[in-house]
Trainee: 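Below you'll find the structure I mean.
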Amino acid sequence: MNPLSSTCSIPVTGETPRHVAIIMDGNGRWATQRCLPRTAGHVRGVQAVRRAVEACGRRGVEYLTLFAFSSENWRRPAQEVTLLMRLFVRTLEKEVDKLIAQGVRLRIVGDLSAFDAKLQGLIREAEAKTAEQSALTLTIAANYGGRWDILQATRALLEAHPELQQHPELLDEAAISERLAMAYAPEPDLFIRTGGEQRISNFLIWQLAYTELYFTNCYWPDFGANEIEQAFIWYRQRERRFGRTSEQLHEAH
Ligand code: FPP
């Protein structure tokens with residue numbers, strides 16, 4: 001058993017975060033401020049997604065993860081949920097070729113069984129079409145929740161290793177990490193939440209244990225290359241210690 005946290009290697013703090021995870025918040029308020037229906041904010045939000053993908057691609061970010069629809073978002077008015085699903089379908093249909101041209105691999109994580117068959121098919125198709133791309137991996141978290149993720153990983157682990165029920169001491173963090181929906185990516189270096197709230201909201205709760213957390217009042221539809229740059233400047237000034245002392249870190253580098 002490994003008594004250490006699964007985050008046992010210290011990533012080199014580079015100029016640019018390897019993995020950026022974003023909660024895109026503030027679409028509704030952006031629209032309401034302009035006397036528009038909330039859904040108009042989501043439509044504009046898609047443009048901000050494009051800008052974020054381009055800016056991260058230019059800066060050499062390897063993984064960009066966006067929280068598009070949480071497990072809790074089903075509680076919204078039915079009309080808004082329908083619009084979000086349509087937007088998702090339309091965006092997948094329209095953007096895949098552009099993503100390929102930019103070298104972007106698309107992956108969708110979350111409990112996709114809740115989506116209708118057409119959307120599930122489009123998701124699988126878009127993932128397959130971009131599977132060869134390697135410049136940037138864009139992950140869209142859809143019907144995703146961090147607690148759901150830990151639960152599905154634990155279930156999968158127990159199914160594969162029923163002996164763990166008799167020998168729980170054999171269980172370690174790595175075994176769970178390997179079964180999380182985003183096991184293919186390193187843990188996020190930088191988390192960004194737009195829209196002024198300072199919460200994780202059940203996003204990648206396992207993987208954000210050591211991530212630098214950046215909050216901005218900017219509403220998502222207004223978020224663009226300049227705002228990303230501000231977040232990166234802030235990130236560069238952080239000292240990531242992963243439990244060590246400042247002196248230990250300076251000795252190591
Ligand atoms: C939060 O704003 C945003 C969402 C729940 C949806 C995000 C979706 C998009 C940006 C468009 C679709 C994305 C893709 C990847 C195609 P909010 O409605 O909670 O805003 P509020 O807090 O101001 O009400």
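Predicted, not measured: the structure shown is a model, and the values here were computed from it. Note that ligands are numbered from 1 as they come in the structure, with each ligand's atoms numbered from 1 the same way.
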Trainee: Under 3.5 Å between any N/O of G28 and any N/O of ligand 1: does that happen in this structure?
Mentor: yes

Trainee: What residue and atom, counting heavy atoms only, is the protein's closest point to atom 3 (C) of ligand 1, and at what distance?
Mentor: M24 O, 3.1 Å

Trainee: Within ligand 1, which atoms have a heavy atom of N73 less than 4.0 Å away?
Mentor: 5 (C)

Trainee: Salt bridge or not between D189 and R18? Use side-chain N to carboxylate O under 4.0 Å.
Mentor: no

Trainee: Heavy-atom distances under 4.0 Å are what count here, so tell me which part of T91 touches ligand 1: side chain, backbone, both or neither.
Mentor: side chain

Trainee: Can you pull out the closest protein heavy atom to atom 9 (C) of ligand 1? Residue, atom name and distance to 0.1 Å, please.
Mentor: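 Answer for atom 9 (C) of ligand 1: N27 ND2, 3.8 Å.
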
Trainee: Using heavy atoms and a 4.0 Å limit, tell me yes or no: is G195 in contact with ligand 1?
Mentor: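 No; G195 lies far enough from ligand 1 that no heavy-atom distance drops under 4.0 Å.
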
Trainee: Decide, yes or no, whether a salt bridge links E72 with R75 under the criterion of side-chain N to carboxylate O below 4.0 Å.
Mentor: no

Trainee: Of all heavy-atom pairs between I228 and A55, which one has the smallest distance, and what is that distance?
Mentor: CD1-CB, 3.9 Å

Trainee: Considering only heavy atoms of F88, which atoms of ligand 1 have at least one such atom less than 4.0 Å away?
Mentor: 16 (C)

Trainee: Mind telling me whether F69 and W74 have parallel, tilted or perpendicular rings, with 30° and 60° as the class edges?
Mentor: perpendicular

Trainee: Using the ring of each side chain (for Trp, its six-membered ring), is Y63 parallel, tilted or perpendicular to H19, with breaks at 30° and 60°?
Mentor: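 Tilted.
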
Trainee: What protein heavy atom is closest to atom 15 (C) of ligand 1, reported as residue, atom name and distance in Å?
Mentor: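 Result: I140 CD1, 3.7 Å.
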
Trainee: Where on R76 is there a heavy atom closer than 4.0 Å to ligand 1, on the side chain, on the backbone, on both, or on neither?
Mentor: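 The part of R76 near ligand 1 is the side chain, not the backbone.
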
Trainee: Tell me whether E159 is salt-bridged to R155, with the criterion being a basic N under 4.0 Å from an acidic carboxylate O.
Mentor: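 No.
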
Trainee: Listed by chain and number, what are the ring pair (Phe, Tyr, Trp, His ring centres under 6.0 Å) partners of Y219, not counting sequence neighbours?
Mentor: none

Trainee: Pairs of nitrogen or oxygen atoms closer than 3.5 Å, one from R29 and one from ligand 1: do any exist?
Mentor: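 Between R29 and ligand 1, an N or O pair is found under 3.5 Å apart.
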
Trainee: With a 4.0 Å heavy-atom cut-off (strictly under), which part of R38 contacts ligand 1: side chain, backbone, both or neither?
Mentor: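 Only the side chain of R38 comes within reach of ligand 1.
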
Trainee: Is E93 paired with K118 through a side-chain N to carboxylate O contact shorter than 4.0 Å?
Mentor: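 Result for this pair is yes, salt bridge flagged.
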
Trainee: Quick one: nearest non-hydrogen protein atom to atom 22 (O) of ligand 1, plus distance?
Mentor: D25 OD1, 2.9 Å

Trainee: Students should be able to answer this: which protein heavy-atom is nearest to atom 6 (C) of ligand 1, and at what distance?
Mentor: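 That would be A68 O, 3.2 Å.
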
Trainee: Would you please name every residue forming a ring pair (Phe, Tyr, Trp, His ring centres under 6.0 Å) with F232, sequence neighbours left out?
Mentor: none

Trainee: Considering only non-hydrogen protein atoms, determine which one is nearest to atom 12 (C) of ligand 1 and report residue, atom name and distance to 0.1 Å.
Mentor: V46 CG2, 4.0 Å

Trainee: With no hydrogens and no angle check, is any side-chain donor or acceptor of N143 less than 3.5 Å from a backbone partner on D111?
Mentor: yes

Trainee: Between W220 and ligand 1, is there a nitrogen or oxygen pair with a distance under 3.5 Å?
Mentor: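 It does not: no N or O of W220 is found under 3.5 Å from an N or O of ligand 1.
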
